[in-house]
Amino acid sequence: MSDGGSAFTRRTHTCGELRLEHVGQRVTLNGWVHTTRDHSHFVFGDLRDRYGLTQVFFGDGDAKLLADAQSLRPEDVVAVSGVVRARPAENVNAERPTGQVELAADRLEILNRSRTPPFSIRDDATVSEEVRLKYRYLDLRRPQMQRNLLFRHQFMQAIRNDFTRQGFVEVETPFLTKATPEGAREYFVPSRLYPGHCYALPQSPQIFKQLLMVAGYDKYFQIARCMRDEDLRADRQPEFTQLDLEMSFPDEELIFATVESAIAHAIETATGAKVPRPFRRITWGESMLRYGCDKPDLRNALQIEDVSAEAKGSDFKIFRGAVDAGGVLRALRVPGGEALSRKEIEGLEGRAKELGAKGLAWSKIDASGKPVGGVAKGLEDAAGKALLAKLGAAPGDLLLFVADRLKVACAALAEVRRQLGERFGGVKKGTLELCWVVEFPLFEYDEDEKAWKAAHHPFTTPIEQYPGQIVKEPGAVAARAYDLVMNGWELGSGSIRIHDRALQQRVFEAVGLSEEAAQRKFGFMLEAFEYGAPPHGGIGIGLDRLIALLLEAENIREVIAFPKTATATCLMTGAPTLADERAMRDLKIRFELPPAP
RNA sequence: GGGGGUGUAGCUCAGCUGGUUUAGAGCGCCAGCCUGUCACGUUGGAGGUCGUGGGUUCAAGUCCCAUCACCCUCGCCA
């Protein structure tokens with residue numbers, strides 16, 4: 001058979017495989033030249049593939065072989081054949097699994113030369129992310145990245161296995177679908193057959209999975225790609241992977257138990273760590289009060305306290321003023337916090353101010369239990385004493401206060417608490433704390449549009465205190481919505497859905513969606529719900545984030561093979577590119593671009 | 001859309017208050033030497049649009065303005 005000259009000796013083993021037990025065997029390795037050490041009369045080479053490194057010895061009198069070996073450069077691709085031999089005892093490399101042996105080469109096939117790579121393929125190479133992304137295929141050769149992607153694969157496999165074991169069916173849903181104007185901005189795909197019409201790429205498979213429930217697939221899951229045309233962050237990419245699932249006839253407990261099983265199984269399979277179950281539960285209200293946010297890091301023992309009632313009787317202007325203006329006074333007691341310097345406290349105050357706080361008041365508690373420094377004077381009156389008592393202030397404490405609007409006070413103290421977590425809150429790297437945050441509000445007030453809108457999505461079941469509450473006081477209605485949170489990161493979000501057509505209509509009305517508009521946007525779904533929609537609910541969990549957290553990566557780009565930059569470009573391919581004129585003609589699209597500078 | 005940071009050799013960086021040479025270092029690269037290295041060692045060498053454009057100045061890597069790229073972040077992400 002003609003092979004175009006590309007015949008080569010196929011490997012018998014990988015570069016991570018050879019041990020003393022192979023000594024004496026004739027083997028062939030295929031791989032990349034990692035390094036060479038040229039000693040003139042002989043050459044050592046390290047051959048690399050994704051399984052490991054094996055030392056190859058060239059020499060032993062064959063001049064042609066030696067010359068070829070001397071010509072080898074990093075990242076050349078070769079096939080090397082020879083006999084495995086034990087290294088002399090003094091030359092064993094104990095740091096490598098293959099370090100007991102080496103391959104005494106008698107044949108070297110250079111399969112492909114490499115240009116000098118822009119950086120060396122090693123974990124300890126310091127390379128800017130920009131360069132790494134441009135040469136992503138080289139970056140992915142680094143052992144760390146190979147470990148990351150392998151870990152990701154194992155994690156995904158374990159999830160699929162556990163859902164399959166639990167009787168779930170993985171169903172693929174369309175990429176080319178109908179735009180749903182609520183929620184995240186969508187990517188559009190123009191239709192050639194229907195000029196002026198567009199498909200949208202799904203921001204999530206939400207509607208399809210609910211229709212699968214109507215279709216009777218009572219346990220659905222999918223490892224699904226989602227696309228959102230929003231601005232990016234370290235933990236957000238324009239396309240990302242969700243573990244999406246939906247169940248019929250559920251309650252929260254069934255969904256929690258199902259998800260906990262799969263997530264715990266996957267974490268245990270991929271990391272070997274034991275994940276305690278059930279996960280902790282905390283209501284949204286409690287979380288906002290104690291931790292100032294809806295994604296608490298429960299490893300952190302520090303807790304926020306509301307001392308607005310005490311502030312009311314205070315003579316201290318900063319405390320009292322905020323409460324009189326309809327705001328709150330919230331405090332964070334930091335045991336041992338007296339060790340913080342003035343400068344460190346100012347650093348925290350800087351962060352608090354970035355988040356909109358007017359300031360960060362503080363006082364330390366001295367050995368006799370008296371407040372000293374900062375706003376200590378404001379704590380001397382009766383109200384101050386009551387406040388200290390409520391906080392349980394003890395010698396060595398640092399007390400931090402934010403007097404502000406509720407939202408600002410929460411955000412500022414949440415950030416301060418987060419920053420102090422490792423030093424004073426007992427947060428340890430490498431530990432996991434998963435929890436469910438439950439009973440989210442159903443609606444949020446949109447200040448810009450002066451209207452209530454769905455906090456999760458408009459298919460979420462309300463928990464009405466009395467009939468009609470969603471119209472009379474929408475802000476007070478809780479929802480059967482829940483978030484999965486790990487170490488202070490939101491992993492996923494879900495709810496028990498509305499399956500009743502009339503209730504769905506009332507919720508649409510509450511968010512200002514008329515019958516007509518609802519029909520236009522979701523008519524096919526509402527119609528489906530008239531054919532026997534079972535009660536159902538589910539969740540979507542961001543897998544990139546979860547995997548990044550487990551690998552202690554700073555950034556989800558570290559666990560995505562070909563990620564985009566913070567400005568949604570691909571440095572390797574150059575995407576996005578200017579539209580091709582002819583393709584645009586086919587699509588009957590013309591762009592109006594601002595004039596070039 | 002706003003704020004902050006970075007940009008000098010292939011890579012990672014230094015370059016002070018504008019003037020010390022022809023803008024440096026380590027790694028990498030190229031060439032020589034080296035019979036047990038494993039981040040091999042050693043000798044020598046090549047390599048620069050100081051992100052880009054404009055301005056100030058006798059003189060700009062350095063100061064000013066604009067712009068681009070990347071990173072972080074606020075808004076945004078039902």
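So that the names make sense, note that chain A is the first sequence line, chain B the second, and so on, each numbered from 1. For clarity, every value in this text was computed on a predicted model and none was experimentally measured.
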message: Contact between A:Val559 and A:Leu551 at the side-chain level, heavy atoms closer than 4.5 Å - yes or no?
response: yes
message: If you assign each of A:Phe42 and A:Asp124 to its closest nucleotide in RNA chain B, which residue comes earlier from the 5' end?
response: A:Phe42
task: State the pairing partner of B:G61; accept Watson-Crick or G-U wobble contacts with both distances under 3.5 Å, and report none otherwise.
output: none
query: Below 3.5 Å, does any donor atom in the side chain of A:Asn93 face an acceptor in the base of B:C38, or the other way round?
result: yes
Listing time: all N or O pairs from protein to nucleotides 24-28 of chain B that are below 3.5 Å?
none

Span that lies between the C1' atom of B:G47 and that of B:C11, in whole angstrom: 13 Å
task: May I ask you to test the A:Ser71-A:Arg113 pair for a side-chain heavy-atom distance under 4.5 Å?
output: yes
field: Interatomic distance, A:Arg122 CZ vs B:U12 P [rounded to whole Å]
entry: 15 Å
Sugar-phosphate only, base, or nothing, as touched by A:Glu95 at under 4.0 Å among non-hydrogen atoms: nothing
- request: Would you indicate whether the side-chain heavy atoms of A:Gln206 and A:Phe459 approach each other to under 4.5 Å?
  value: yes
query: Would you say A:Arg37 reaches B:U37's phosphate, i.e. side-chain N/O to OP1/OP2 under 4.0 Å?
result: no
- request: Identify whether any heavy atom of A:Thr460 sits under 4.0 Å from a base atom; if not, whether one sits that close to sugar-phosphate; answer base, sugar-phosphate or nothing.
  value: nothing
field: Nearest-Å distance for atom pair CZ/C1', residues A:Phe119 and B:C29
entry: 16 Å
- request: Could you tell me whether the side chain of A:Phe562 reaches within less than 4.5 Å of the side chain of A:Thr573, counting heavy atoms only?
  value: no
query: Quantified in whole Å, what is the C1' atom distance between nucleotide B:U8 and nucleotide B:G3?
result: 27 Å
message: Any base atoms under 4.0 Å from A:Ser493, or only sugar-phosphate, or nothing? Heavy atoms, all strands.
response: nothing
query: Reckon A:Thr567 has a side-chain N or O less than 4.0 Å from the OP1 or OP2 of B:C70?
result: yes
field: Atom CZ of A:Arg96 with >12 non-hydrogen neighbours under 6.0 angstrom
entry: yes
- prompt: Are side-chain heavy atoms of A:Pro143 and A:Arg147 found at a separation under 4.5 Å?
  reply: yes
query: With rounding to whole Å, what would you report as the distance between B:G55 and B:C16 at their P atoms?
result: 25 Å
- request: Check every strand shown and say whether A:Phe44 touches a base, only sugar-phosphate, or nothing at a heavy-atom separation below 4.0 Å.
  value: base
task: Look at all strands and tell whether A:Ala125 reaches a base, only sugar-phosphate, or nothing, counting heavy atoms closer than 4.0 Å.
output: nothing
task: Can you figure out which of B:G36, B:C77, B:C70 approaches the side chain of A:Asn91 most closely?
output: B:G36
task: Please measure how far the P atom in B:G61 lies from the corresponding atom in B:A9, and state the result in whole Å.
output: 15 Å
task: Choose from B:C11, B:U35, B:C38 the nucleotide whose nearest atom is closest to any side-chain atom of A:His41.
output: B:U35
- request: Starting from the 5' end of RNA chain B, give me the residue, A:Phe459 or A:Thr565, whose nearest nucleotide shows up first.
  value: A:Thr565
query: Rounded to the nearest Å, what distance is computed from the CZ atom of residue A:Arg142 to the P atom of nucleotide B:A39?
result: 18 Å
Residue matched to B:C13 through Watson-Crick or wobble contacts both under 3.5 angstrom: B:G24
- prompt: For A:Asp46 and B:U37, what is the distance between atoms CG and P respectively, to the nearest whole Å?
  reply: 14 Å
- prompt: Taking the same atom, P, in B:G41 and in B:G36, what whole-Å distance lies between them?
  reply: 15 Å
query: Atom CZ of A:Phe57 and atom P of B:G36: how far apart are they, to the nearest Å?
result: 10 Å
message: A side-chain contact here means heavy atoms from C-beta on lying under 4.5 Å apart; do A:Val507 and A:Pro462 qualify?
response: yes
query: Side chains of A:Val402 and A:Arg330: closer than 4.5 Å at any heavy-atom pair?
result: no
- prompt: Can the ring centres of A:Phe522 and A:Phe508 be said to be less than 6.0 Å apart?
  reply: yes
message: In whole Å, I'd like the distance from the CG atom of A:Asp123 to the C1' atom of B:A39.
response: 13 Å
If you restrict it to nitrogen or oxygen atoms, what contacts under 3.5 Å exist between nucleotides 31-33 of chain B and the protein, and what is each distance?
residue, atom, partner, partner atom, Å
B:A31, OP2, A:Arg73, NH2, 3.3

task: Scan A:Ser128 against the nucleic acid and name what it touches under 4.0 Å (heavy atoms): base, sugar-phosphate only, or nothing.
output: sugar-phosphate
message: Using a heavy-atom cut-off of 4.0 Å across all strands, would you classify A:Arg85 as base, sugar-phosphate, or nothing?
response: base
Gap between atoms CD1 and C1', on A:Ile121 and B:G10 respectively (whole Å): 13 Å
- line: As its Watson-Crick or G-U partner within any shown strand, both distances under 3.5 Å, B:G7 has B:C68
message: Only pairs with both distances under 3.5 Å count, Watson-Crick or wobble alike; so what is the partner of B:C77 in this structure?
response: none
Show the distances under 3.5 angstrom between N or O atoms of the protein and N or O atoms of nucleotides 72-76 of chain B.
residue, atom, partner, partner atom, Å
B:C72, OP1, A:Asn555, ND2, 2.8
B:C72, OP1, A:Arg557, NH2, 2.9
B:U73, OP2, A:Ala234, N, 3.2
B:C74, OP2, A:Arg233, NE, 3.0
B:G75, N7, A:Arg233, NH2, 2.8
B:G75, O6, A:Arg233, NH1, 3.0
B:G75, O6, A:Arg233, NH2, 3.3
B:G75, N1, A:Asp231, OD2, 2.7
B:G75, N2, A:Asp231, OD2, 3.3
B:C76, O2', A:Glu230, OE1, 2.7
B:C76, O2, A:Arg236, NH2, 3.2
B:C76, N3, A:Arg236, NH1, 3.3
B:C76, N3, A:Arg236, NH2, 2.8
B:C76, N4, A:Arg233, NH2, 3.3
B:C76, N4, A:Arg236, NH1, 3.3

- prompt: When you compare B:C33 with B:U22, how far apart are their C1' atoms, in angstrom units rounded to a whole number?
  reply: 31 Å
message: Distance check, C1' atoms only: B:C71 and B:G28, in whole angstrom units.
response: 25 Å
Aromatic ring proximity A:His13/A:His22, centre distance under 6.0 Å: yes
- request: Could you check which nucleotide pairs with B:U42 in any of the strands shown, counting Watson-Crick or G-U wobble with both distances under 3.5 Å?
  value: B:G32
query: Looking just at side-chain N and O atoms, do A:Gln222 and A:Thr173 make a donor-acceptor pair shorter than 3.5 Å?
result: yes
- prompt: According to the Watson-Crick and G-U wobble definitions, with both distances under 3.5 Å, which nucleotide is paired to B:U56?
  reply: none
- request: Check the geometry between A:His39 and B:C40 and answer yes if their rings are stacked (centres below 5.5 Å, planes below 30°), otherwise no.
  value: yes
task: Measure the shortest side-chain to side-chain distance between A:Ile560 and A:Gln237 over non-hydrogen atoms and say whether it is less than 4.5 angstrom.
output: yes
- request: Measure up the A:His39 and A:Phe42 rings against each other and bin them: parallel (under 30°), tilted (30 to 60°), perpendicular (over 60°).
  value: parallel
- request: Starting at atom CD of A:Glu130, determine the distance to atom P of B:G10, rounded to an integer number of angstrom.
  value: 15 Å
task: Using only side-chain N and O atoms of A:Thr35, determine if any of them is under 4.0 Å from OP1 or OP2 of B:C40.
output: yes
- request: For B:C38, take OP1 and OP2 only and decide whether either is under 4.0 Å from a side-chain N or O of A:Thr54.
  value: no
- prompt: Can you tell me if A:Arg122 and A:His34 form a side-chain donor-acceptor pair at under 3.5 Å?
  reply: no
message: Does either side chain, that of A:Asp76 or that of A:Ser114, offer a donor lying less than 3.5 Å from an acceptor on the other one?
response: no
